[in-house]
Structures are given as C-alpha cells and as structure tokens.
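First the structure, in the form of structure tokens, and then the observations on it.
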Amino acid sequence: MESKTGTMRVMVTGGSGLVGKAIQHVLKEEGGAREGEEWIFLSSKDANLMNADETKALFEKHRPTHVIHLAAMVGGLFKNMRQNLDFWRNNMYINDNVLHAAHDFDVLKVVSCLSTCIFPDKITYPIDETMIHSGPPHDSNFGYSYAKRMIDVHNRAYFTQYGRGYTAVIPTNVFGPHDNFNIEDGHVLPGLIHKTYIAQKEGTALQVWGSGRPLRQFIYSLDLARLFLWVLREYNEVDPIILSVGEEDEVSIKEAADAVVKALNFRGEVVYDTSKSDGQFKKTASNAKLRKYRPDFTFTPFHKAIKETCDWFVANYDVARK
C-alpha cells in the first residue's frame with residue numbers, strides 16, 4: 001500500500017516508548033527498513049495529542065502516508081485503579097485526534113495499538129478477535145479498556161463511511177528494553193526487574209505483589225516490532241489481529257519472577273504479598289489468526305528475552321525510565 005509518489009512516509013506516535021524503540025531497533029540494527037520508506041518517530045515532546053490543533057499541526061508538518069499509532073496514557077494495575085476517568089478521557093482525546101487528522105490528511109493506513117486488557121472480564125478462553133465487545137472489561141482498568149476498544153469502533157466507522165484502511169493490533173503483555181521500570185505505576189515484568197535489582201543491591205528480600213498465580217502471555221518488544229512491520233506492509237483487514245505467543249507459552253507471575261531472579265542472579269528470599277491485588281487471573285489469547293497468516297514466525301524464547309531485558313536494564317540503569 002504505497003502512496004501516489006511511491007514513497008511510504010511512516011509517522012510513529014509514541015515513538016520513544018517501549019514499542020517505538022523496538023521498531024527503531026528492528027529498522028536500524030536488523031536491516032528491517034525497506035527502500036522507499038521514510039520513518040519519523042515522535043514523542044510527547046513533539047505535540048500534545050490530546051489537543052486537536054497540535055495534532056493537526058503535526059500531520060501538516062510531516063504529511064505521513066502511513067501512521068503507527070502507539071501514543072497513549074498507560075500504566076500498571078494500581079495506577080489504572082486510581083485514575084480510571086483520566087485514562088478514559090485522555091486516551092479518547094488522543095485517539096480521536098490522531099484518527100481524525102489521519103483522515104483529513106488522506107493517510108492511507110493507520111495501525112493502532114490496543115491491549116488484551118480490553119477484552120471482557122467474564123468470557124470463555126482462549127480469547128479471539130471477535131470477542132472485543134462481548135461484555136464489560138475488568139473493573140480495575142475499565143477507563144483505559146473502553147477507550148482502547150473505541151479505536152476498533154473508529155476504524156470500522158472510517159471504513160464504512162470513507163473506505164479507510166485503518167486497523168489495529170492487540171498485543172499481549174509487552175516487555176523489553178526501554179520499558180517503564182517504575183515500581184508503583186509500571187507493568188508487572190519491568191516492575192519485577194527493578195524490584196529484584198534493588199533487593200539484590202540492598203541485600204533485602206524480593207517482595208512480589210499478589211499471589212504469583214495469575215497467568216500471562218508475554219511478548220518480547222522486538223518480536224512485536226517485527227510483527228508491526230508485517231501488519232503495516234501486508235495485513236489488509238480492518239478487523240484487528242492479536243499479536244501473541246501461543247496459549248502453550250502462557251506463564252504464571254511466579255514463573256516470570258523466577259525467570260527474573262535467575263537472569264539477575266538474585267540469591268535472596270522471595271516473598272509474595274497476598275494483601276496486594278492480583279488483577280485478572282488470566283486473559284489467555286488465541287494467536288490462531290496470526291498463525292494463519294504467519295505460520296513461520298518464530299518468537300524469542302521467554303528466558304532469553306528476559307535475560308536480554310535484564311541486561312539492558314542493568315547497563316542502562318541511570319537512564320532507564322523508572
């Protein structure tokens with residue numbers, strides 16, 4: 001799907017975050033870029049996407065033919081529980097402004113990033129792409145979940161009214177270098193990595209929040225980046241696609257903590273604080289649709305990806321987001 005001039009000018013919102021940095025890595029370090037592609041990575045410093053005028057000015061300046069939309073207000077379980085209204089309003093503004101500007105500036109394709117937390121709380125497993133709107137999401141992050149679901153509504157409406165080829169991907173739990181390792185507000189794996197690092201340094205016990213029993217499918221950010229490039233270039237459905245490891249690769253939080261402990265060579269005590277919420281017990285997703293398109297795709301083994309992420313965090317401790 002090229003522009004009339006034959007050049008693809010791809011603008012990436014949220015380009016300085018976890019997934020944006022991974023896409024940059026795949027393009028530059030793995031030779032993932034193609035001839036005739038120009039890539040523009042933006043961060044919150046470039047514009048406030050909650051503001052329609054600033055968003056429009058950004059599209060005016062860069063004139064993209066394609067957009068990867070990663071920008072969002074994000075946070076872990078406990079931040080979501082505190083600020084559901086903020087997550088709802090801010091993400092609705094961002095998504096409406098980006099998709100409306102894309103339409104106004106005749107962008108050929110937008111690939112937005114959703115999350116498996118958007119799926120209904122009470123549902124049969126494994127989850128697939130047809131179930132997004134089948135019931136309310138989990139109470140803990142309903143603001144974020146509903147705002148992200150609305151991207152799918154946006155995409156369908158732009159297609160039915162204007163024939164736009166705007167779509168979305170639904171990754172499972174993403175982790176990797178350049179993540180937000182904030183212990184209070186970050187996601188489970190980067191939080192565990194940071195806590196283990198500190199416990200190691202201070203010679204204290206590692207406290208894991210919750211029981212350790214909930215199950216998650218983790219996807220390494222570099223694997224997700226490789227799949228994002230495929231979706232941008234070759235996936236032509238408006239309906240979203242789940243990007244995930246298989247159901248057989250689901251791991252418990254305890255198994256994830258054990259992997260971090262091993263990667264950082266932590267030898268202290270590990271304590272599970274069951275007074276803290278577990279969140280959803282599981283949200284097992286099917287990657288059957290992805291496998292139909294890409295039966296050949298190989299995911300990085302979990303322990304290898306954890307080791308690479310831990311090594312990056314230790315080497316970049318002073319500059320890592322935390």
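Hydrogens, waters and symmetry mates are skipped; everything else that's a heavy atom, side chains included, is used. All of these numbers come straight from a predicted model, not from anything done at the bench.
- Between Q207 and K276, every side-chain heavy-atom pair lies at or beyond the 4.5 Å cut-off.
- Note on ring orientation: taking the six-membered ring where Trp is involved, the planes of W88 and Y146 are perpendicular (angle over 60°, cut-offs 30° and 60°).
- Without hydrogens or angle criteria, Q217 side chain to V245 main chain gives a donor-acceptor distance under 3.5 Å.
- A distance-only check finds a donor-acceptor pair linking the side chain of Q24 to the backbone of G15 [under 3.5 Å].
- Each of I306, I219, V188 was evaluated against F175; a single residue qualifies, I306, per the side chain to side chain contact (heavy atoms under 4.5 Å, CB included) test.
- No side-chain N or O of Y293 forms a donor-acceptor pair with one of E234 less than 3.5 Å apart.
- Using modelled atom types, one side-chain atom of N155 and one backbone atom of T167 make a donor-acceptor pair closer than 3.5 Å.
- Summarising the geometry, atom CD1 belonging to I242 is positioned 7.0 Å from atom CD1 belonging to I127; distances are rounded to the nearest 0.5 Å.
- Using a 4.0 Å cut-off between charged nitrogen and carboxylate oxygen, K56 and D53 do not count as a salt-bridge pair.
- The hydrophobic clustering, which links ILVMFWY residues whose side-chain heavy atoms are closer than 4.5 Å, places V107 and I94 together.
- If you chain together hydrophobic residues whose side chains sit under 4.5 Å apart, V12 and V67 never meet in one group.
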Checklist line | Working for side-chain contact (heavy atoms from CB on, under 4.5 Å), residues H69 and Y166 | finding: CA-CA 11 Å; H69 176 39; Y166 300 166; over 6 Å; no
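- Looking only at distances, no side-chain donor or acceptor of E54 sits under 3.5 Å from a matching main-chain atom of A47.
- Between the side chain of K109 and the main chain of T65, no donor-acceptor pair closer than 3.5 Å is present.
- Within a 6.0 Å sphere centred on NE2 of H100, other residues, nucleotides and ligands contribute 12 heavy atoms or fewer.
- With contacts defined as side-chain heavy-atom distances shorter than 4.5 Å, the pair I198/K201 does not qualify.
- Here F297 and F299 bring their ring centres to under 6.0 angstrom of each other.
- Taking the charged nitrogens against the carboxylate oxygens, D258 and K262 have no contact shorter than 4.0 Å, which rules out a salt bridge.
- Side-chain atoms of N97 come within 3.5 Å of backbone atoms of M50 as a donor-acceptor pair (strictly under, hydrogens ignored).
- A donor-acceptor contact closer than 3.5 angstrom is absent between the side chains of E250 and Y125.
- The shortest distance between side-chain heavy atoms of S211 and Y272 does not fall below 4.5 Å.
- Interatomic distance, CZ of F281 versus CZ of R213, reported as 5.5 Å (0.5 Å rounding).
- Side chain to side chain, D96 and H154 meet the donor-acceptor criterion of an N or O pair below 3.5 Å.
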Next item on the list: Test T196 against H194 for side-chain contact (heavy atoms from CB on, under 4.5 Å), laying out the working first.
Entry: CA-CA 5 Å; T196 308; H194 193 180; over 6 Å; no
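- We find the CD1-OG distance between I23 and S221 to be 10.0 Å, quoted to the nearest 0.5 Å.
- Distance alone, capped at 3.5 Å, is enough to place a donor-acceptor pair between the S145 side chain and the C117 backbone.
- Looking only at side-chain heavy atoms (C-beta outward), I253 and R216 come within less than 4.5 Å of each other.
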Next item on the list: Would you check, one step at a time, whether the test side-chain contact (heavy atoms from CB on, under 4.5 Å) holds for L49 with Y93?
Entry: CA-CA 7 Å; L49 298 177; Y93 286 135; over 6 Å; no
Next item on the list: Could you go through the side-chain contact (heavy atoms from CB on, under 4.5 Å) check for D104 and F59 one step at a time?
Entry: CA-CA 9 Å; D104 277 354; F59 278 76; over 6 Å; no
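- When hydrophobic clusters are built by joining Ile, Leu, Val, Met, Phe, Trp and Tyr residues whose side-chain heavy atoms come closer than 4.5 Å, directly or via intermediates, W230 is grouped together with V10.
- Other residues, nucleotides and ligands contribute at most 12 non-hydrogen atoms within 6.0 Å of the CZ atom of R89.
- Distance check, rounded to the nearest 0.5 Å: CD1 of I68 to OG1 of T13 gives 9.0 Å.
- In this structure, Y158 is not a member of the same hydrophobic cluster as L108, with clusters built from ILVMFWY side-chain heavy atoms closer than 4.5 Å.
- D152 is listed as a side-chain neighbour of H133, based on a closest heavy-atom distance under 4.5 Å.
- In this structure the side chain of T309 reaches within 4.5 angstrom of the side chain of P177, judged on heavy atoms.
- Although no hydrogens or angles enter the test, the distance criterion places a donor-acceptor pair under 3.5 Å between the side chain of R149 and the main chain of I118.
- Side-chain N or O atoms of D46 include one that pairs as donor or acceptor with a backbone N or O of S43 at under 3.5 Å.
- Looking at E255 and F302, their side chains never come closer than 4.5 Å, going by heavy atoms from C-beta outward.
- The cluster map of Ile, Leu, Val, Met, Phe, Trp and Tyr, joined by side-chain heavy atoms under 4.5 Å apart, puts L192 and V270 in the same cluster.
- Side-chain atoms of Y235 and K289 form a donor-acceptor pair, as typed in the model, at a separation below 3.5 Å.
- Within the 4.5 Å cutoff, the side chain of N173 has no heavy atoms near those of the L189 side chain.
- In this structure, N91 contributes its side chain and A72 its backbone to no donor-acceptor pair below 3.5 Å.
- Salt bridge annotation for D106-R63: absent, with no cationic side-chain nitrogen under 4.0 angstrom from a carboxylate oxygen.
- Taking the six-membered ring where tryptophan is involved, the planes of Y197 and Y317 are essentially parallel, since the angle between them stays under 30° and well short of 60°.
- Ring geometry, W39 versus F41: the interplanar angle falls under 30°, so the pair is classed parallel (tilted spans 30 to 60°).
- With 3.5 Å as the limit, one finds no donor-acceptor pair spanning the side chains of D128 and S286.
- To the nearest 0.5 Å, atoms CG (L243) and CD1 (I170) are separated by 8.5 Å.
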